[in-house]
J.: 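Starting off with a structure, shown below.
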Amino acid sequence: MPRNLHHANLLVGAPKEAESYVRSLCVNLGVKLINNPDFFVFRMETFGIDEARELSLLSARKAITHRKIFLISPERLTLEAQNVLLKTFEDPFPNTHFFLATREEALIEPTLRSRMQTTRISKSSIFGSTDAEKFLSLS
């Protein structure tokens with residue numbers, strides 16, 4: 001897990017491991033996921049401009065819980081969607097965290113990658129980390 005959790009995170013690895021990583025982080029933070037109105041998962045074949053606009057609108061709404069978490073785990077991410085995400089990630093709302101999962105870092109445009117903290121996911125990086133405690137202490 002990253003040392004300091006950034007508002008926009010690129011998770012490079014298998015989709016299931018990336019999702020396990022985010023879920024494990026949430027559990028370590030005490031964030032309940034079941035029926036959580038501020039936990040959003042976009043798991044689909046193609047994440048296009050419509051989905052990116054929906055995510056942008058959801059991220060702009062006031063949080064019901066302490067923090068909003070978005071997991072985006074598509075098979076394919078269109079260039080248009082990446083441009084919308086770029087704008088969303090440039091000016092994030094407080095206590096909002098985005099996790100974009102991809103198998104290959106090169107599939108993400110360099111300008112979007114430059115706004116994100118990259119973490120390579122493996123089974124060993126999912127469990128046994130103290131980074132959740134560090135995340136809680138962030139302002």
Side-chain angles (χ1 to χ4, degrees):
M1 285 191 196
R3 191 164 275 262
N4 291 315
L5 191 59
H6 195 264
H7 70 276
N9 300 274
L10 179 61
L11 305 178
V12 181
K16 284 185 180 181
E17 290 178 359
E19 187 166 339
S20 292
Y21 174 91
V22 173
R23 290 182 181 278
S24 176
L25 176 62
C26 289
V27 168
N28 288 332
L29 293 170
V31 175
K32 296 183 188 214
L33 301 179
I34 297 174
N35 297 322
N36 183 337
D38 291 326
F39 179 68
F40 303 90
V41 178
F42 289 82
R43 189 184 316 115
M44 57 201 50
E45 187 170 323
T46 301
F47 187 87
I49 193 164
D50 292 335
E51 292 80 14
R53 287 179 177 154
E54 178 185 356
L55 180 142
S56 184
L57 289 172
L58 289 170
S59 72
R61 292 185 185 160
K62 184 173 170 48
I64 296 170
T65 63
H66 180 63
R67 46 176 78 81
K68 280 201 260 185
I69 298 172
F70 293 87
L71 171 60
I72 309 142
S73 184
E75 291 293 319
R76 186 168 101 62
L77 184 66
T78 68
L79 179 60
E80 295 82 11
Q82 291 186 54
N83 288 331
V84 172
L85 290 178
L86 179 65
K87 292 175 185 170
T88 303
F89 293 173
E90 282 178 336
D91 193 21
F93 287 85
N95 296 319
T96 301
H97 300 278
F98 302 95
F99 295 89
L100 173 59
T102 184
R103 289 184 182 275
E104 308 254 346
E105 189 173 348
L107 296 174
I108 307 303
E109 288 294 312
T111 52
L112 182 58
R113 278 196 322 251
S114 72
R115 306 302 194 277
M116 305 173 79
Q117 181 172 322
T118 301
T119 302
R120 282 163 184 67
I121 301 297
S122 66
K123 287 183 183 179
S124 64
S125 68
I126 297 171
F127 304 103
S129 175
T130 60
D131 289 327
E133 294 171 24
K134 293 175 187 171
F135 175 64
L136 287 174
S137 67
L138 296 175
S139 60

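Every value quoted in this text rests on a predicted model; they were computed, and no experiment measured them.
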J.: Taking all non-hydrogen atoms of both residues into account, name the closest pair between Arg103 and Val12 and its distance.
T.: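 That would be O-CG1, 3.7 Å.
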J.: Give a yes or no on whether Ile72 and Phe40 share a hydrophobic cluster (residues Ile, Leu, Val, Met, Phe, Trp, Tyr; joining criterion: side-chain heavy atoms under 4.5 Å apart).
T.: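 Yes, it is one cluster - the side chains of Ile72 and Phe40 are joined through contacts under 4.5 Å.
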J.: Out of curiosity, Thr46 OG1 to Glu75 CD, how far, rounded to the nearest 0.5 Å?
T.: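 It comes to 8.5 Å.
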J.: Honestly curious: do Tyr21 and Phe70 fall in one hydrophobic cluster under the side-chain, below-4.5 Å linking rule?
T.: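 Cluster IDs for Tyr21 and Phe70 differ.
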J.: Taking all atoms of both residues into account, what is the closest heavy-atom pair of Arg113 and Ala106, and its distance?
T.: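 In this case the closest contact between Arg113 and Ala106 is NH1-CA, 3.7 Å.
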J.: Which is it for Leu100 and Leu77 under the side chain to side chain contact (heavy atoms under 4.5 Å, CB included) test, yes or no, and what are the steps along the way?
T.: CA-CA 10 Å; Leu100 173 59; Leu77 184 66; 3.8 Å; yes
J.: Is the shortest side-chain heavy-atom distance between Phe42 and Leu58 below 4.5 Å?
T.: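 Phe42 vs Leu58: side chains touch.
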J.: When the side chains of residues 29-36 are checked against the rest of the protein, which donor-acceptor pairs come out under 3.5 Å, sequence neighbours left out?
T.:
unit_1	atom_1	unit_2	atom_2	d
Asn36	OD1	Asp38	N	2.7
Asn36	ND2	Lys32	O	2.8

J.: I'd like to know whether Thr119 forms a side chain to side chain contact (heavy atoms under 4.5 Å, CB included) with His6, so could you lay out the CA-CA distance, the side-chain angles of the two residues, the decisive distance to 0.1 Å, and finally the verdict.
T.: CA-CA 11 Å; Thr119 302; His6 195 264; over 6 Å; no
J.: Run the numbers on Phe89 and Leu112 for side chain to side chain contact (heavy atoms under 4.5 Å, CB included), then give the verdict.
T.: CA-CA 8 Å; Phe89 293 173; Leu112 182 58; 3.5 Å; yes
J.: Show, in sequence, the C-alpha distance, side-chain angles and deciding distance for Thr96 and His7, and conclude whether the side chain to side chain contact (heavy atoms under 4.5 Å, CB included) test is met.
T.: CA-CA 6 Å; Thr96 301; His7 70 276; over 6 Å; no
J.: Quick check: closest heavy atoms across Phe47 and Ala81, and the distance to 0.1 Å?
T.: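 Closest approach of Phe47 to Ala81, heavy atoms only: O-CB, 3.4 Å.
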J.: Give me the atom names and distance for the closest heavy-atom approach of Met44 to Glu51.
T.: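 Taking Met44 first and Glu51 second, the nearest heavy atoms are SD-CG, 3.5 Å.
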J.: Looking at every non-hydrogen atom in both residues, tell me the closest pair between Thr78 and Gly48 and how far apart they are.
T.: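 Nearest pair, atom of Thr78 first, then Gly48: OG1-CA, 3.5 Å.
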J.: Linking I/L/V/M/F/W/Y whenever their side-chain heavy atoms sit closer than 4.5 Å, directly or via other members, would Leu11 and Ile69 fall into one cluster?
T.: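 Same cluster: Leu11 reaches Ile69 through Ile, Leu, Val, Met, Phe, Trp or Tyr contacts under 4.5 Å.
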J.: With rounding to the nearest 0.5 angstrom, report the CG to CZ distance, Leu71 to Arg43.
T.: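 Between Leu71 CG and Arg43 CZ, I get 7.0 Å after rounding to 0.5 Å.
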J.: Could you state the interatomic distance from OG1 (Thr102) to CD1 (Ile121), rounded to the nearest 0.5 Å?
T.: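 One finds 12.0 Å between OG1 of Thr102 and CD1 of Ile121.
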J.: Would you find a donor on one side and an acceptor on the other, under 3.5 Å apart, between the side chain of Ser56 and the backbone of Ala52?
T.: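 No; judged by distance alone, with no hydrogens or angles, the pair does not exist.
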J.: So, for Thr65 and Arg67, which heavy atoms are closest and what is the spacing to 0.1 Å?
T.: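 Closest pair (atom of Thr65, atom of Arg67, distance): OG1-O, 3.2 Å.
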J.: Please check if Leu85 and Ile108 belong to a single hydrophobic cluster, counting links between Ile, Leu, Val, Met, Phe, Trp and Tyr side chain heavy atoms closer than 4.5 Å.
T.: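 Cluster IDs for Leu85 and Ile108 match.
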J.: Exactly one of Gln117, Arg120, Glu105 should register a side-chain contact (heavy atoms from CB on, under 4.5 Å) with Leu10. Which one does?
T.: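 Per the side-chain contact (heavy atoms from CB on, under 4.5 Å) rule, the option paired with Leu10 is Glu105, out of Gln117, Arg120, Glu105.
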J.: Is there a side-chain contact between Leu55 and Phe98 (heavy atoms, below 4.5 Å)?
T.: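 Leu55 vs Phe98: side chains touch.
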J.: Going by heavy atoms in the side chains, are Arg115 and Glu90 under 4.5 Å from each other?
T.: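 Heavy-atom side-chain distance check passes, below 4.5 Å.
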J.: Are any non-hydrogen side-chain atoms of His97 and Val22 less than 4.5 angstrom apart?
T.: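 Not touching, per the 4.5 Å side-chain cut-off.
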